[in-house]
Number of protein chains: 2
Amino acid sequence: MEDNKGGAARAAEELPGGRALPKTGKSEQTRAVILETAMRLFRERGYDKTTMRAIATEAGVSVGNAYYYFESKEFLIQGFYDQMTHDHARDAASRMEGVRDFAERLEIALVSWLDCAADYHEFAAQFFRTAADPDSSLSPFSNESHPARATAVALFRDVLMDSDLAPKLDAELAELLPDLLWLHLMVVVLYWVFDRSPDTTRTREFVHRSTPLAARVISLSRYRAFRPLVRDAKGLIQDFILPTIGRTPLPDRPTTTDASAPTTRRRKPRKPAT
Amino acid sequence: MEDNKGGAARAAEELPGGRALPKTGKSEQTRAVILETAMRLFRERGYDKTTMRAIATEAGVSVGNAYYYFESKEFLIQGFYDQMTHDHARDAASRMEGVRDFAERLEIALVSWLDCAADYHEFAAQFFRTAADPDSSLSPFSNESHPARATAVALFRDVLMDSDLAPKLDAELAELLPDLLWLHLMVVVLYWVFDRSPDTTRTREFVHRSTPLAARVISLSRYRAFRPLVRDAKGLIQDFILPTIGRTPLPDRPTTTDASAPTTRRRKPRKPAT
DNA sequence: ACCGGTTTTTGAACATGTTCAAGCAGAGGG
DNA sequence: CCCTCTGCTTGAACATGTTCAAAAACCGGT
């Protein structure tokens with residue numbers, strides 16, 4: 001009986017699979033009420049100031065009940081993340097419609113994220129903090145691939161594939177790029193989290209400056225002079241970045257034949273006694 | 001009397017300035033005992049498993065006393081960070097002696113960090129998590145520049161300046177690079193934190209692969225074909241990365257004359273009701 | 001309508017980070 | 001020797017995330 005197949009028990013572990021299950025049961029409703037209440041309070045008072053007791057009370061349930069649906073307070077963040085990713089994908093797609101220029105499309109996608117996240121700027125810091133914990137399954141880097149991450153990467157595939165740049169790229173690069181663009185977003189998010197300028201204007205400028213540069217790098221990568229560099233960079237990304245991100249099942253032996261031993265050998269240094 | 005000028009009260013806020021104040025008072029000793037005990041327990045049991053009560057008991061003081069010296073549990077991490085940075089700088093410098101090749105020097109510096117941090121792999125995840133909080137003064141990105149960060153950047157300046165690459169670079173680039181190399185370390189740290197391979201072998205391989213690439217990029221940046229790209233990248237870094245990192249006092253108006261308005265204008269999207 | 005099982009809900013109990021009013025110790029002065 | 005002041009120390013009390021045994025609600029079958 002430990003695998004409780006039905007219902008929403010251990011919901012936090014089940015749901016990543018599908019936020020969808022409509023399930024006539026009113027249980028889903030309770031879950032929804034708790035999540036919505038939590039998100040409202042997070043937005044109103046911030047993460048730390050919102051106690052589980054307050055969430056429960058406001059949602060009209062007991063504190064234990066909240067824990068029945070969400071493994072921990074952090075798992076409530078998951079709900080936020082999923083929803084925002086979804087909203088972002090929708091919004092960005094609609095804004096990009098008709099635009100062809102790659103740099104522009106990329107900027108639109110990134111700015112769209114900033115707009116979607118604007119209300120949660122303070123709260124998001126907390127989210128980011130959580131994401132930085134490798135033990136937390138919330139981490140976008142964790143191998144158990146988030147469906148949310150897949151959604152985001154898919155968006156960036158569209159950014160690329162419906163742009164004027166797509167036909168000019170070789171297939172291999174086109175394969176890597178969506179994940180790299182997603183990484184670009186992660187960098188922007190990092191920047192944004194630390195951005196204290198009013199209305200995060202600075203992050204917006206950062207995006208405005210960095211997207212044309214990214215576009216240029218990608219464009220140039222086709223030229224002869226850059227070949228060897230691009231080849232090595234690709235290798236690095238394929239062997240070390242994507243697997244970590246959960247894209248591929250982590251090859252124990254990198255695809256390159258010669259993974260020569262590091263030049264520097266282990267040697268534990270010990271700090272000198274004070 | 002609120003500014004208690006002397007002593008170590010509010011020590012956590014005083015000390016970042018100077019770990020030094022020897023202060024005959026035995027109070028310094030109490031502080032040291034608490035910090036050492038905490039670090040030992042962190043190493044032995046991990047951060048979360050180590051309770052403040054345990055630290056206090058093992059250190060032979062009361063729990064309240066620990067709070068007299070350290071504003072919170074997180075501030076104990078500061079102690080760890082400072083010490084490790086110092087050890088790293090020392091160890092890396094000694095290992096690099098005589099080596100001239102830039103890529104090699106860089107790899108040595110990074111591997112040295114991995115060795116210094118090895119004992120704290122699990123614990124460091126927690127540290128990283130803390131560092132990801134922009135409100136925490138522990139964050140290496142916070143504007144109130146950590147002395148520890150300065151130490152680390154200085155190390156990378158040495159990595160560069162004593163290498164065979166130094167004479168070939170223009171002054172402007174040489175100015176930026178130490179910070180960028182430090183960022184490289186940050187990326188490695190990020191990788192390392194998430195690395196679950198035994199003995200973090202994977203991170204070591206990652207370093208081994210990424211350092212020659214970094215060296216190559218820097219080398220190539222001198223060539224004609226790359227000029228415009230390098231120029232823009234420099235601008236981006238100077239205007240947006242370094243100020244955020246606390247290197248320069250954050251110019252409200254970027255140095256470029258034309259900071260044209262973002263192409264995409266604010267437009268708050270609202271998620272469709274379920 | 002009743003029964004056995006399963007899902008949902010409850011609230012008290014627990015663990016742990018943090019605070020604070022009160023106690024203690026040593027230094028200086030009388 | 002006693003008084004006082006100041007920096008140090010204490011431990012009980014508090015706030016809040018989390019657990020858990022038990023109660024309640026629900027459901028399908030008879």
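Every chain is numbered from 1, with letters handed out A, B, ... down the list of sequences.
The nucleotide whose nearest atom lies closest to any side-chain atom of B:Arg53 is, among C:dT16, D:dG11, C:dT10, C:dT16. Distance from the side chain of A:Ser62 is smallest to C:dG11 among C:dG17, C:dG11, D:dT9.
Summarising the geometry, the separation between CE on B:Met52 and P on D:dT16 is reported as 18 Å, rounded to the nearest angstrom. B:Arg45 places its CZ atom 14 Å from the C1' atom of C:dT16, with the value rounded to the nearest Å. Rounded to whole Å, the distance from CD on A:Glu71 to P on D:dT18 is 10 Å. Note: CZ (A:Phe42) to C1' (D:dG17) measures 12 Å, nearest angstrom. Distance CG (B:Asn65) to C1' (C:dC20): 14 Å, rounded to an integer number of Å. Remark: C1' of D:dA15 and NZ of A:Lys73 are 12 Å apart, rounded to the nearest angstrom. Per the geometry, OH belonging to A:Tyr69 stands 21 Å off P belonging to D:dG17, to the nearest Å. If you take OH of A:Tyr67 and P of C:dG11, they are 16 Å apart, rounded to a whole angstrom.
Checking A:Thr51, A:Leu76, A:Ile55 one by one against A:Leu41, the side-chain contact (heavy atoms from CB on, under 4.5 Å) holds for a single residue, A:Ile55.
Ring geometry for B:Tyr47 versus B:Phe123: interplanar angle under 30°, hence parallel rather than tilted (30 to 60°). Between A:His121 and A:Trp192, the ring-plane angle classifies as tilted under the 30° and 60° cut-offs.
Between A:Thr30 and C:dT8 there is no side-chain polar atom (N or O) within less than 4.0 angstrom of OP1 or OP2. When the side-chain nitrogen and oxygen atoms of B:Tyr68 are compared with OP1 and OP2 of D:dC8, one or more of them lie within a distance under 4.0 Å.
Residue contacts shown for A:Val61 are limited to sugar-phosphate atoms, with no base heavy atom under 4.0 Å away.
Interatomic distance, A:Asn65 CG to A:Ile34 CD1, rounded to the nearest 0.5 Å: 5.0 Å. In this structure, NE2 in A:His86 is found 11.5 Å from CG in A:Asp91, a value given to the nearest 0.5 Å.
The residue among A:Tyr47 and A:Gly64 whose nearest nucleotide of DNA chain D lies closer to the 5′ end is A:Tyr47.
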